[in-house]
J.: 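Let me begin by handing over the structure; questions about it come next.
Here is how names work: the chains are called A, B, and so on, in the same order as the sequence lines, proteins then strands, and each is numbered from 1.
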Amino acid sequence: MSELAALTVGEASGLLAAGEVTAVELTEATLRRIAETEPAVHAYAHVGAEQALRAARRADAEPRRGPLHGVPFAVKDVLLTSDMPTEANSRVLKGHRASADAWAVARLRAAGAVLIGKHVTHEFATGQDVPPTRNPWDLERYPGGSSAGSGASTAVGSCFFALGTDAGGSVRKPAAVTGVVGFKPTYGRVSAGGTVQGASVPTVEHVGIFARRVRDTMLVLDAIAGEDPQDPRTWLGPPPDFTVPLDGDLEGTRIGVPHLAGFGPAPDAAVAAAFDQALDFLRRLGAELVKIELPHIELALPAATAIITGEIGFAHRQWISERPELYTDDVRRFLELSLIAPASILQAGYRARRVLQQAMAELFGTARIAAIATPTVPCTAMRLADMVVERDMARLIQYTCPWSLVGQPAASVPCGLSGDGLPIGLQIIAAPLDELTVARIAHRFENATGWHKRRPPFSAESPAQ
Amino acid sequence: MTNTLKSIPELRIGEADLALLVRMSGLRVPAGDLARLRMALRDHILATEILLAADLAQHAPAVGARWHV
């Protein structure tokens, strides 16, 4: 990987500000890295080289607008873009071009960032199929989903940061299994306006961020957080300054450690060991670890299932009736189920969510905790040949979906490698609207452990490892 | 959850029930897929039965996830 493509957002921004590199040079380096890695990784659904170079030239000619000015990024191909197709890995949307950018994409362009392409997702982000993207740590393994391309691309340096969407773990899960940071803010902190119809689950969807450092995710969040007048989900009041320093120790910070059995099957041995080591690190950094019970946690996965299944099908009514052959079979069957599922189940899911929201909010007060720590995913990346989506998906999201459901901010940060060299993620969750606590803990952990420095063994010279 | 599932082993969705649901939804489900869809609906109801069985009635309204600040 070239030195430029390996930079963090903060490092690239510093060089741009100092005039030591140009946006065009960063964009060209990213395009070269895409050319090197795509034949094996397949992280991109579309690369807009010409558009990106034009935007980079404009950025170089303009006064700097902020820390993202001139930095190349990519977005999951469910977020609308005015100058590139948005197909959601679906034949139904083949060639679809939007007239306007999704809210978050528009905010990033307004901040001077350079959109370089669209990342591969599961078909309509449903998680019912296996996308073409491969995990750069082992090309035979699952890259995570549904923001499949975003994690892999961030890991190999074919973008500086990326936007994904997360309704059950679709940002944190791919981040964990590809060894990068995945940050899901509070529900409504970032507008999901401009998520393509058919991939939208309105009451649980979040726009999240992939980057190689925690600090970078905060630079991006600062640019995209805030009210979207067209999206009432975002009417939360003005966001804080997310660019504040994250350094310092964790002295006196109480972190809740829940009994993992409440979430579902136990984690694999490698994940359990890495999680225990991560807790030791947090303790050494000054954190006070507190055993907690998560009330009603057994309702989380059924409630998420009820809501996602109930909400996803609406936009498909006409398409699936008129052109069912354009869907892959498993996705079509899932959407058909969505369209006939009883409304009472959806209502029960909403009520269960409210119960969980209230209980979790109370827990932070009664246990006097600033955050909760869990593994992100209970296993390392599965072999694609062994994977059965219908069987495996519930387990893959058991630690992440509760926080998408209740809307609390959560991030995955690298916390180790398994014996066979596969990344493992630590998940940090905070109270609603307290993204900065997540970021501070994750940043200090990252600095103390250095796991973020480990990159996939993949290189252009050894594409098959 | 296990107890809840055991409590409704008799859940059956008849072919006529499913046909009505499909017709009302405007779907064109291939004939060979109707049995699979019936099983998927049954599994979905069973997987979420814990929600219907839980005492959630007092936690009205069933609002969205937006935080009130």
J.: Let me confirm one number: the NE2-CG distance from B:His44 to A:Leu337, rounded to the nearest 0.5 Å.
T.: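 So the NE2 of B:His44 and the CG of A:Leu337 are separated by 5.5 Å.
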J.: If you round to the nearest 0.5 Å, how far is CD1 of A:Ile307 from OG1 of B:Thr48?
T.: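 Separation between the atoms: 11.0 Å.
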J.: In terms of heavy-atom pairs under 4.5 Å with chain B, which of A:Ala306, A:Pro202, A:Gly188 leads?
T.: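 Sorted descending by pairs with chain B, the first entry is A:Ala306.
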J.: Please tell me if the side chains of A:Arg332 and B:Asp33 come closer than 4.5 Å, counting only heavy atoms from C-beta onward.
T.: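 SC-SC contact between A:Arg332 and B:Asp33 confirmed.
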J.: If you compare all heavy atoms of A:Arg323 against all heavy atoms of B:Arg28, which two are closest, and at what distance to 0.1 Å?
T.: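 Reported closest heavy-atom pair: N-NH2, 4.3 Å.
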J.: Assess whether atom CD of A:Gln197 is packed by more than 12 heavy atoms of other residues, nucleotides or ligands within 6.0 Å.
T.: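 No.
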J.: Do the side chains of B:Ser25 and A:Arg317 get nearer than 4.5 Å, heavy atoms only?
T.: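 The answer is no; the side chains never approach within 4.5 Å.
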J.: Any chance CD of A:Gln318 has more than 12 other-residue heavy atoms, nucleotides or ligands included, within less than 6.0 Å?
T.: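 No, the 6.0 Å shell around CD holds no more than 12 heavy atoms from other groups.
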J.: What closest approach, in Å, do B:Ala47 and A:Pro302 show between heavy atoms, and which atom pair accounts for it?
T.: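 Scanning both residues, the minimum pair turns out to be O-CB, 3.6 Å.
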J.: Heavy-atom pairs under 4.5 Å with chain B - which of A:Gly313, A:Ala303, A:Ala341 has more of them than the others?
T.: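 Most pairs with chain B among the choices: A:Ala303.
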J.: Nearest 0.5 Å, what's the CG-CD distance between B:Leu51 and A:Glu298?
T.: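 Interatomic distance, B:Leu51 CG to A:Glu298 CD, rounded to 0.5 Å: 10.0 Å.
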J.: Determine the minimum heavy-atom distance between A:Ile340 and B:Leu18, stating which atoms define it.
T.: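 Closest pair (atom of A:Ile340, atom of B:Leu18, distance): CD1-CD1, 3.8 Å.
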J.: Minimum heavy-atom separation for B:Leu27 and A:Glu336, please, with both atom names.
T.: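 Looking at all heavy atoms of both residues, the closest pair is CD1-O, 3.9 Å.
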J.: Pick one of side chain, backbone, both or neither for A:Glu390, based on which atoms fall under 4.5 Å of a heavy atom in chain B.
T.: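 For A:Glu390, there is no contact with chain B at all, as no heavy atom is under 4.5 Å.
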